[in-house]
Protein chains: 6
Amino acid sequence: MPSALIDGPKIDSLDVKRTFIKEVTDALEKAYGLPRSIYVVLIKENSPENVGVGGELILDKINRASNKK
Amino acid sequence: MPSALIDGPKIDSLDVKRTFIKEVTDALEKAYGLPRSIYVVLIKENSPENVGVGGELILDKINRASNKK
Amino acid sequence: MPSALIDGPKIDSLDVKRTFIKEVTDALEKAYGLPRSIYVVLIKENSPENVGVGGELILDKINRASNKK
Amino acid sequence: MPSALIDGPKIDSLDVKRTFIKEVTDALEKAYGLPRSIYVVLIKENSPENVGVGGELILDKINRASNKK
Amino acid sequence: MPSALIDGPKIDSLDVKRTFIKEVTDALEKAYGLPRSIYVVLIKENSPENVGVGGELILDKINRASNKK
Amino acid sequence: MPSALIDGPKIDSLDVKRTFIKEVTDALEKAYGLPRSIYVVLIKENSPENVGVGGELILDKINRASNKK
């Protein structure tokens with residue numbers, strides 16, 4: 001602690017995760033001023049069939065968008 | 001935000017998820033009165049070996065129940 | 001469990017909370033089909049100075065909106 | 001509720017989970033003094049590529065440690 | 001990390017919190033086998049008007065129970 | 001969504017919160033590549049009597065440190 005829990009879609013690239021964790025930790029360190037070693041960042045990857053925005057599944061939004069093409 | 005994070009067992013049916021997300025969003029919209037597009041609902045599916053109720057794994061409760069039959 | 005954790009702004013009315021909890025529980029019961037007594041709904045009220053959307057504090061959005069009037 | 005949400009690495013042994021859930025529930029029961037049946041413990045298992053400590057992925061820490069050998 | 005996030009009602013006694021944190025950490029240490037210094041336990045105290053069980057506010061359950069006396 | 005939930009000690013300065021939210025959102029935007037308006041960052045401030053690290057309350061660590069002076 002302090003810790004950051006991130007909920008988002010899947011991130012495919014390990015490099016993106018690496019940079020993301022570094023940058024969130026930079027922001028944590030600047031905000032709290034505690035030793036860098038104690039910050040924890042946790043990425044949670046969610047499937048589009050388990051997330052709803054505005055009352056609609058992300059999965060359905062994606063399907064509708066790809067049908068429009 | 002506002003957001004709802006749901007922790008429960010696996011939901012097999014996509015239609016159940018669809019209706020569930022819609023209904024939780026309806027309740028959010030009624031409670032907070034903000035534009036519908038901003039509500040987020042997140043379903044987390046948990047394995048019965050990772051949940052304990054009353055100090056006992058759900059997995060063990062299920063196994064005991066099916067052994068009784 | 002199953003449980004719903006709601007993060008949003010402050011809700012002033014106890015009646016709104018009462019109805020909201022009832023409706024989310026109705027949705028949970030319909031989705032999971034387990035005994036009603038086990039569903040837990042938890043409301044977390046957040047101050048506008050602790051929530052950012054689009055990189056800006058809600059507090060600052062509110063202040064800007066009221067200055068425009 | 002009360003509930004405990006545990007975030008950690010994968011636990012391979014079912015027996016370890018069983019004992020862990022029992023012990024956390026014992027601690028909950030002692031602290032809150034409510035009927036044992038209502039305590040919920042939820043274990044979340046995280047991949048080493050989704051956790052950062054001190055700004056570095058656990059995955060990279062593990063790899064560096066095994067390269068040193 | 002590993003961490004435990006506890007959601008429950010208010011705990012009035014500092015000693016109860018002290019013992020509780022110690023015991024949950026003991027359980028974490030036994031389950032994960034990592035250095036004791038890295039386990040984090042976080043207690044969240046919730047008001048009875050913000051928690052619903054079985055579709056009813058804890059506040060209303062408490063009031064009903066005290067009216068019965 | 002995506003969203004970041006931050007758990008830490010109290011942050012007294014509004015400017016620190018403002019910068020922190022901006023920087024975490026920058027990191028989210030870079031990692032996920034979605035429209036900036038949808039990222040949510042939530043800061044949770046915790047009292048030192050509700051957080052344990054290594055089995056000891058932060059409150060007790062602080063008190064011990066100030067007694068040493």
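Throughout, a chain's letter reflects where its sequence line sits, starting with A, and its residues are numbered from 1.
Between chain F and the options E:Val24, E:Leu28, E:Ile21, the largest number of non-hydrogen pairs under 4.5 Å is found for E:Ile21.
Contact detail for E:Val40 and F:Val51: the closest heavy-atom pair is CG1-CG1, 4.4 Å.
Sorted by first then second residue, the ring-ring contact (aromatic ring centres under 6.0 Å, His included) pairs that include residues 43-62 of chain F, not counting sequence neighbours, number zero.
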Let me see the donor-acceptor pairs closer than 3.5 Å between chain E and chain F, or none if nothing turns up.
unit_1  : atom_1 : unit_2  : atom_2 : d
E:Lys17 : NZ     : F:Glu49 : OE2    : 2.6
E:Lys17 : NZ     : F:Asn50 : OD1    : 2.7
E:Arg18 : NE     : F:Asp60 : OD2    : 2.6
E:Arg18 : NH2    : F:Asp60 : OD1    : 3.0
E:Arg36 : NE     : F:Gly54 : O      : 3.4
E:Tyr39 : O      : F:Gly54 : N      : 2.9
E:Val41 : N      : F:Gly52 : O      : 2.9
E:Val41 : O      : F:Gly52 : N      : 2.7
E:Ile43 : N      : F:Asn50 : O      : 2.8
E:Lys44 : NZ     : F:Asp7  : OD1    : 2.6
E:Lys44 : NZ     : F:Asn46 : OD1    : 3.1
E:Glu45 : OE1    : F:Asn50 : ND2    : 3.3

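Residue F:Ile58: no heavy atom, backbone or side chain, is found under 4.5 Å from chain E.
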